[in-house]
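The structure appears below as structure tokens.
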Amino acid sequence: MKLNDTLRFSFKTLTSYRTRSFLIILAMALGVAAVIVLTALGDGARRYVVNQFASIGTNLIIVLPGRAETAGSFPGAVMGQTPRDLTLEDARWVGRLAEVRRYAPLNVGAAELSAAGRLREVTVMGTTAEIFPIRHMRLAQGDFLSAASAGSAQIVLGAAIAQEFFPDGHVLGQRVRLSDRRFTVTGVLAAQGQTMGFNSDEVVIIPVRQAQALFNTNSLFRLLIEARHRGEIEEAKQAIRETLIRRHDGEDDVTVITQDAVLATFDRILRALTLGVAGIAVISLAVAGILVMNVMLVAVSQRTAEIGLLKAIGTPATVIRRVFLAEAAWLSLTGALLGFVLGHIGSLMLRLAYPLLPAWPPYWANFAAIFVAVLTGVLAGLLPATRAARLDPVQALSKR
Amino acid sequence: MIQLSDISRVFQMGDQAVHALDHIDLEINSGEYVSIMGPSGSGKSTLLNVIGLLDRPNSGQYLLDGRNVTDLSETEQAQVRREKIGFIFQSFHLVPRLTAAENIELPLILTGMPPSERKLRVQETLDAFDLGNRAQHRPAELSGGQRQRVAIARATILRPTALLADEPTGNLDHRIGSEVMALLENLNQVGTTLIVVTHDRELGVRAHRRLGMRDGKIAADEK
Ligand SMILES: Nc1ncnc2c1ncn2[C@@H]1O[C@H](COP(=O)(O)OP(=O)(O)OP(=O)(O)O)[C@@H](O)[C@H]1O
Ligand SMILES: [Mg+2]
């Protein structure tokens with residue numbers, strides 16, 4: 001029997017047993033759709049994070065005091081003791097490097113903000129005006145630390161805080177208290193919402209010296225640096241480290257991380273996550289495979305007389321086996337293609353429902369889902385097909 | 001030419017051995033018309049199955065057209081069946097989901113014949129068996145006589161040397177059964193060996209050679 005005759009013959013069988021075929025195809029399709037939708041979700045999350053990183057600048061280098069314990073991991077989590085402070089003077093030296101375009105020292109803490117009869121705790125960032133270009137933040141009104149007034153007691157309010165304390169919109173020039181210190185409002189941040197788990201609408205910004213006095217510290221929390229060129233990030237990182245080691249008497253006691261490194265870590269974690277959910281979804285494909293096997297076994301016993309007839313007219317066992325395998329292949333292939341379409345409709349609906357989430361399945365997931373579906377289908381067809389091929393013709397013919 | 005020598009077929013039923021064929025010696029020449037009669041369980045179907053290579057004897061030797069086919073592999077036997085044997089059954093054994101034309105086409109597909117040629121051959125055969133206007137009907141939409149005609153058309157489309165019919169009229173009324181027998185006899189007239197198992201004495205005596213079976217043995221052989 002020629003291949004295309006085999007395929008046509010088995011295809012005709014599928015169309016003759018409509019309900020049966022439909023149910024199997026549906027089971028297969030749901031398995032494939034699950035793989036595609038879940039990987040779209042996983043990969044969408046990964047892309048979302050990557051995009052978020054990109055939105056806070058890609059030339060970013062971050063210096064923090066202390067050595068990270070484990071290379072490659074996210075250093076903030078495993079900060080050891082700080083043997084030596086990272087000072088404003090250190091920051092100034094780093095700022096003089098040729099590879100550095102701009103830098104912003106950063107101190108962070110919490111303090112009580114009171115004004116206009118209201119009181120609440122806010123996150124305080126002590127920094128310089130350079131923070132705005134580096135973190136891609138913008139001022140909606142006023143300014144911050146223009147050269148003439150550097151170091152004076154001025155404060156920029158996050159959009160939400162400004163709205164809360166001064167709902168009438170008269171914000172600039174107002175006097176506020178942060179703990180027991182007085183500040184004059186010189187600016188309001190443009191509303192930006194959440195980026196990287198940090199809500200810039202809910203912070204206040206004061207000059208870094210004021211912050212160090214407020215929190216009674218000499219050490220910076222972070223030093224944010226923007227490299228001059230994206231291609232020079234490694235060189236910049238090296239130069240920064242050397243400068244700081246020299247200033248710290250040869251002690252390598254700071255951690256310099258690039259955003260690329262952090263990004264790579266997140267990327268790795270989320271890719272693994274995607275693979276994990278894909279693996280879980282593949283289980284549903286295996287279940288569909290078992291269904292195919294079951295239905296094919298039923299088909300063999302239902303069509304026993306027909307198999308006997310095929311043998312009587314001289315069909316070799318190998319051909320009978322091929323016919324049943326082709327049937328299983330059709331079932332799983334049709335199911336896989338239907339599942340592919342369903343999966344992409346599902347991903348589309350995810351994207352419509354959560355526009356921020358770029359829920360596209362990765363390319364490999366498309367191929368893997370279809371390949372695994374057809375493979376399990378054919379493997380599941382192997383046993384029933386072999387059973388059909390081995391039937392004794394006389395007994396098969398006598399079965400009604 | 002069919003030559004069976006000392007053929008036995010034994011079925012083991014628990015600890016009891018049933019000798020369905022008990023040391024059978026039989027020669028049937030090409031072009032003969034043979035009927036096989038005998039009581040139920042005497043081994044008629046088993047004999048036909050052995051001749052048609054659907055069943056293997058436990059002992060003895062079977063020569064078909066001079067070739068020893070006793071110990072052929074399954075695949076080789078399938079090929080011999082395809083080329084030399086046509087089976088006709090009491091219950092027709094049509095594939096229910098295929099049309100009359102598609103049922104008749106089945107043996108041609110097995111040979112790998114190209115579709116255009118198949119179509120031609122099927123049409124010829126449909127016409128020859130007066131089934132031209134039933135080509136697209138499924139078995140369920142055909143009468144018993146028509147079904148058996150489709151089955152005969154399918155069995156003969158590859159021009160086998162021997163037609164083996166196991167009670168071909170068993171499910172048909174007398175008149176239609178007679179017509180079907182006439183059809184088979186026509187095929188015999190043009191040279192096909194015809195072996196018919198039947199319970200119907202009236203039909204059985206129409207054969208040129210009549211075998212009587214009893215307890216797995218050939219008890220009578222009249223010409
Ligand atoms: N697969 C089998 N297993 C066990 N015994 C069998 C089998 N096939 C046939 N037999 C036995 O072999 C003997 C001959 O059977 P066979 O079918 O050849 O009889 P038959 O002459 O065709 O009968 P009938 O006229 O009823 O069709 C019977 O006793 C039957 O019970
Ligand atoms: Mg019988």
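Treat the numbers as computed from the prediction; the structure is a model and nothing was measured.
No donor-acceptor contact under 3.5 angstrom links the side chains of A/Thr274 and A/Asp43, judged on distance only. Side chains of B/Asn68 and B/Thr70: a donor on one and an acceptor on the other come within 3.5 Å.
By a heavy-atom distance cut of under 4.5 Å, B/Ala78, B/Arg81, B/Arg82, B/Phe87 are the residues of residues 76-87 of chain B near chain A, going up by number.
Looking at B/Arg138, there are no atoms closer than 4.5 Å to chain A (heavy atoms on both sides), in backbone or side chain. In this structure, the portions of A/Ile313 lying under 4.5 Å from any heavy atom of chain B include both its backbone and its side chain. Interface remark: A/Thr6 contributes no atoms to any contact with chain B (heavy atom separation under 4.5 Å).
A/Ser284 contributes atom OG, which lies 8.0 Å from atom CG of A/Leu30 (distance to the nearest 0.5 angstrom). Here CD of B/Gln148 is found 6.5 Å from CD1 of B/Ile88. Values are rounded to the nearest 0.5 Å. Remark: A/Tyr363 OH to A/Thr39 OG1 distance equals 13.0 Å, nearest 0.5 Å.
A heavy-atom distance below 4.5 Å is found between the side chains of B/Ile2 and B/Ile195.
Contact count versus chain B (heavy atoms, under 4.5 Å) is highest, among A/Gly308, A/Ala312, A/Ser16, A/Pro316, for A/Ala312.
Electrostatic pairing of A/Lys12 and B/Glu105 does not count as a salt bridge here, judged by no charged N lying under 4.0 Å from a carboxylate O. One finds a salt bridge joining B/Glu74 and A/Lys311 here, because a Lys/Arg side-chain nitrogen approaches an Asp/Glu carboxylate oxygen to under 4.0 Å.
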